[in-house]
Amino acid sequence: MFLKRLERGFESVLWNIRFVTLIAVIASLIGSFALFYVAILDVGQLFVELSHYTDGSLGAAAHDAIHLRIITSVAEFVDGFLFALVLLIFAFGIYELFISKIEAAERSEVAKRILLIRSLDDLKERLAKVIFLILVVRYFESAIHRPVQSALDLLYLAVGIVLIAVGLYLTKPKPEPEFDATIPLSRH
């Protein structure tokens, strides 16, 4: 009798320890909001660069430098928003897996496409896709700033682009196999 109560008490404490994951949820939300804020500031910086881009008194080299900064600014704010989304998806996923289903998300059509997390594999898959996009943007930023000075540099750039294409192909959703009711499932 005493051991059974002790067991139930221990299991209750063990089960309620899952609420420590709220720390990760809250920290992820704070980080996500911070990155959204930084990305919005980066969008503001883009407008500053755009105002200089239309200056007719600039020489060709200065115009090209501003053009490169504009492209970099766009890549940076896209990168910031994507990373903010990673943290947001992580927060939703951890909350749904360890604490409770988000009832508002259960009724939402949008949530069914992006936020409902049924397992750690679901969470991992969603995070991996967004992280892959971040890596693609980072490669793009790096490729912009790396001058092509030889055929080998051009080959490296091409190999990187091919690897990204392969990665995109491998991460695309796989179609569900169709079930053909005319084919018997087993032969007895």
Side-chain angles (χ1 to χ4, degrees), residues 9-49 69-146 156-157 159-177:
F10 179 76
E11 288 175 356
S12 177
V13 168
L14 186 61
W15 178 243
N16 287 320
I17 285 177
R18 77 186 194 284
F19 289 106
V20 77
T21 61
L22 284 173
I23 296 169
V25 171
I26 292 168
S28 295
L29 289 174
I30 291 169
S32 178
F33 292 144
L35 286 173
F36 274 119
Y37 177 74
V38 168
I40 289 169
L41 292 178
D42 287 344
V43 171
Q45 182 61 36
L46 173 66
F47 286 112
V48 171
E49 295 296 339
R69 285 197 310 261
I70 289 171
I71 291 172
T72 302
S73 292
V74 170
E76 285 174 355
F77 81 72
V78 167
D79 192 39
F81 283 130
L82 285 173
F83 196 41
L85 289 173
V86 165
L87 292 174
L88 197 59
I89 291 169
F90 180 75
F92 284 129
I94 293 298
Y95 185 86
E96 280 202 335
L97 286 175
F98 290 93
I99 307 300
S100 175
K101 291 291 177 196
I102 302 171
E103 291 181 25
E106 294 283 337
R107 296 185 302 268
S108 171
E109 285 299 315
V110 173
K112 290 178 181 158
R113 291 193 311 261
I114 57 172
L115 295 179
L116 291 179
I117 310 293
R118 304 270 183 234
S119 68
L120 284 174
D121 283 338
D122 284 349
L123 179 60
K124 180 180 71 173
E125 182 179 326
R126 283 179 173 76
L127 290 176
K129 287 179 182 179
V130 179
I131 290 169
F132 181 72
L133 286 175
I134 290 171
L135 292 174
V136 169
V137 170
R138 286 289 179 176
Y139 182 78
F140 174 72
E141 287 177 22
S142 175
I144 286 174
H145 293 291
R146 180 164 286 126
Y156 289 151
L157 180 64
V159 168
I161 291 169
V162 167
L163 289 173
I164 288 172
V166 169
L168 287 171
Y169 175 76
L170 293 175
T171 60
K172 76 177 186 174
K174 308 292 185 263
E176 293 292 323

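- How far CZ of F19 is from OG1 of T21: 8.0 Å, rounded to the nearest 0.5 Å.
- With values rounded to the nearest 0.5 angstrom, L29 atom CG is found 6.5 Å from L88 atom CG.
- In this structure, D79 contributes its side chain and A75 its backbone to no donor-acceptor pair below 3.5 Å.
- To the nearest 0.5 Å, the span separating CG on L82 from CG on L135 amounts to 10.5 Å.
- One N or O on the side chain of S32 and one on the backbone of A84 form a donor-acceptor pair closer than 3.5 Å.
- Pairing each heavy atom of I70 with each of E49, the nearest pair is CG1-CB, 3.7 Å.
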Exercise. Given the rule in the side chain to side chain contact (heavy atoms under 4.5 Å, CB included) test, do V20 and I23 qualify, once you have shown the distances and angles that lead to the verdict?
Worked result: CA-CA 6 Å; V20 77; I23 296 169; 3.8 Å; yes
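- Residue Y156 places its OH atom among 12 or fewer non-hydrogen atoms of other residues, nucleotides or ligands, all under 6.0 Å distant.
- A pairwise comparison of heavy atoms in S73 and L46 identifies CB-CD1, 4.1 Å as the closest pair.
- How far CD1 of I161 is from CG of L157: 4.0 Å, rounded to the nearest 0.5 Å.
- Heavy-atom minimum distance, G160 versus Y139: CA-OH, 3.4 Å.
- Here the straight-line distance linking atom CD of E11 with atom CG of L14 works out to 8.0 Å at 0.5 Å rounding.
- Of all heavy-atom pairs spanning L35 and G80, the tightest one is CB-O, 4.0 Å.
- Here F81 contributes atom CZ and F77 contributes atom CZ; the two are 6.5 Å apart, rounded to the nearest 0.5 Å.
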For this session: Could you walk me through whether Y95 and I26 pass the side chain to side chain contact (heavy atoms under 4.5 Å, CB included) test, one step at a time?
Result: CA-CA 10 Å; Y95 185 86; I26 292 168; over 6 Å; no
